[in-house]
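Not measured: the values here are computed from a predicted model.
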Amino acid sequence: MPKLKTNRAAAKRFKFTASGKAKRQKAFANHILTKKSTKQKRNLRHGVMVAQADMPEIRALLPNG
């Protein structure tokens, strides 16, 4: 059986925690930051967990994660 390949785009966007949950960054934090409030930008800094409904797809994209 051949080795499973990791989807490189997904590998750059998701990281697994020690317990096996996937973490991701929030969207809307890259540009046009002048019109966003300080509170909004501060809240965009922190990563969030991937929804349970999306986990099967993440596991398929990152089989060795």
Selection residues 12-26 - residue pairs positive for side-chain hydrogen bond (donor to acceptor under 3.5 Å, both in side chains), sequence neighbours left out: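 Matches after skipping sequence neighbours: Thr17-Ser19.
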Results of side-chain contact (heavy atoms from CB on, under 4.5 Å) for Arg59 - residues two or more places apart only: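 Per chain and number, Arg59 pairs via side-chain contact (heavy atoms from CB on, under 4.5 Å) with Phe16, Met55.
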Minimum heavy-atom distance between Leu4 and Asn64, given as atom pair plus value: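 In this case the closest contact between Leu4 and Asn64 is O-ND2, 3.6 Å.
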Shortest non-hydrogen separation from Pro63 to Ala60 and the atoms involved: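 Looking at all heavy atoms of both residues, the shortest contact is CD-O, 3.8 Å.
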Return a table of donor-acceptor pairs under 3.5 angstrom between the side chains of residues 35-46 and protein atoms on other chains or two or more places apart.
| unit_1 | atom_1 | unit_2 | atom_2 | d |
| --- | --- | --- | --- | --- |
| Lys36 | NZ | Phe28 | O | 2.8 |
| Lys36 | NZ | His31 | O | 3.3 |
| Ser37 | OG | Gln40 | N | 3.1 |
| Lys41 | NZ | Leu33 | O | 3.3 |
| Asn43 | ND2 | Lys39 | O | 3.3 |

Atom pair OG1 (Thr6) and CG (Leu61), whose distance is rounded to the nearest 0.5 Å: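 The OG1 atom of Thr6 sits 9.5 Å away from the CG atom of Leu61.
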